[in-house]
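To start, the structure itself, in structure tokens.
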Amino acid sequence: MASAKEAVRLASRLCQDVQRQLSAEERVDKKDDSPVTVADYGAQVVVAWSLQRADPATRLSMVAEEDSAELRTPAGRAMLERITALVNSVVATAAPGEVLSPEQVLDIIDLGASQGGPSGRHWVLDPIDGTRGFVGMRQYSVCLGMLQDGEVVLGVLGCPNLPQGPVGDDDGAAGSAQRLSGDADVGCLFFSERGQGAWVEPLWNADAAPAPVRVAEVTEGAEARFMESVESRHSSHSINAALARELGVVRPPLRMDSQVKYGLLSRGCGTIFMRFPPATYKEKIWDHAAGFVIVEEAGGRVTDAAGVRLDFSKGRFLALDRGIIAAPPALHEKLVAAAAKVAPKA
């Protein structure tokens with residue numbers, strides 16, 4: 001856990017530096033049309049480097065989002081040089097005198113090519129979850145989980161732009177990163193180890209005492225606040241709204257990018273998180289692993305729309321029935337029943 005927290009802190013620092021300086025030259029578009037920045041690659045390198053350094057005798061097995069294919073082309077060389085410089089600026093703070101070459105950076109990125117599965121230990125990383133939020137100067141998170149024999153046993157969420165206190169609609173909106181920049185009460189690190197509860201502490205202060213978190217004890221829809229993604233391309237706002245009406249939710253949705261929503265659910269700032277992607281969309285395990293264990297350890301439930309607990313043992317993708325529902329137990333049961341009416345199986 002100490003190694004995981006340190007790795008996420010280092011990567012979060014790199015990401016914050018890049019978000020403040022982001023330019024068009026530091027962004028490419030992947031084949032699935034999601035933007036990639038130097039920070040995606042850089043954060044993946046920093047986390048893998050940090051974890052490997054903490055246990056040099058064991059080759060790191062990591063299931064992660066990015067690979068080095070584009071960076072190994074002549075057209076990707078300029079971005080690779082930029083990534084290497086960023087990574088070394090962070091490496092210098094943790095290991096003065098150590099300098100990584102571009103070729104080492106490429107090899108470290110490709111440590112994330114593990115397929116995971118039901119046996120052994122595998123780290124699971126989304127170096128920047130909510131890349132569109134990152135580019136749009138909104139919320140994003142650095143998400144690191146650990147699988148042991150197919151079970152998520154550890155999770156860490158670095159949320160650089162998330163207030164440590166109450167959260168409002170404006171905190172997920174465009175430009176919130178600039179508005180919150182420099183505030184001493186912004187930046188959260190959520191973490192959990194299986195059987196040890198869920199916790200949060202200031203992201204930028206490793207010496208601060210962690211505080212336990214717990215999902216809100218809400219049993220009625222009228223008292224609930226549901227959360228959803230800012231953008232609807234991978235999650236249907238209309239299905240979410242229909243489910244909320246069926247449950248009697250009266251408050252408008254809180255829209256936030258990334259697994260920040262799992263963190264907010266774990267500390268009771270939101271009470272429901274729903275995600276219903278298109279039928280053709282395949283959910284990746286790195287988009288949910290860290291938040292999953294944190295919410296479960298905070299007393300919540302995270303399942304597919306049929307109420308089946310998420311299974312991370314099948315490789316890089318989740319097999320889901322329609323979508324994902326996360327909530328306190330009493331509300332969760334009602335949401336699964338509502339989903340059977342509002343979003344029945346095809």
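Sequence positions, counted from 1, serve as the residue numbers for this chain.
Between K5 and E193, none of the side-chain N atoms (NZ, or NE/NH1/NH2) sits under 4.0 Å from a carboxylate O, so this pair counts as no salt bridge. Salt-bridge formation is not detected for the pair K284/E65: no Lys NZ or Arg NE/NH1/NH2 atom is positioned less than 4.0 Å from an Asp or Glu carboxylate oxygen. One finds no salt bridge joining R267 and E201 here, because no Lys/Arg side-chain nitrogen approaches an Asp/Glu carboxylate oxygen to under 4.0 Å. The pair R194-E296 meets the salt-bridge criterion, since a charged nitrogen lies less than 4.0 angstrom from a carboxylate oxygen. A salt bridge does not link D55 to R121: none of the charged nitrogens lies less than 4.0 Å from a carboxylate oxygen.
Of the listed residues (L154, V63, L147), just one forms a side-chain contact (heavy atoms from CB on, under 4.5 Å) with W123, and that residue is L154. Of the candidates R132, H237, Q139, R138, V230 forms a side-chain contact (heavy atoms from CB on, under 4.5 Å) with just one, namely R138.
In this structure, the side chains of V153 and V293 stay at 4.5 Å or more apart for every pair of heavy atoms. When side chains are defined from C-beta on, I128 counts as touching C15, because their heavy atoms get closer than 4.5 Å. Between R72 and D110, some side-chain heavy-atom pair lies under the 4.5 Å cut-off. The shortest side-chain heavy-atom distance between F191 and P210 falls under the 4.5 Å cut-off. Annotation: side chain of F190 is not in contact with side chain of V260 (no heavy-atom distance under 4.5 Å). In this structure, the side chains of I108 and Q52 stay at 4.5 Å or more apart for every pair of heavy atoms.
Side-chain polar atoms of W204 and Q16 form no donor-acceptor pair below 3.5 angstrom.
Rounding to the nearest 0.5 Å gives a distance of 11.5 Å between CZ of R225 and CD1 of I272. Atom OG of S235 is separated from atom CZ of R255 by 9.5 Å, given to the nearest 0.5 angstrom. Taken from CG in L265 to CG in L254, the straight-line distance is 11.5 Å, to the nearest 0.5 Å. Separation of atoms OG1 (T84) and OH (Y41) is listed at 12.5 Å; rounding is to 0.5 Å. Separating the OG atom in S50 from the CG atom in L60 is a distance of 10.0 Å, to the nearest 0.5 Å. In this structure, CG in D129 is found 5.0 Å from CG in D287, a value given to the nearest 0.5 Å.
Scanning both residues, T219 and A330, for their nearest heavy atoms gives CG2-CB, 3.9 Å.
Ring centers of F292 and F312: under 6.0 Å apart, within the cut-off.
Under the 4.5 Å side-chain contact rule for hydrophobic residues, L189 and V124 do not share a cluster.
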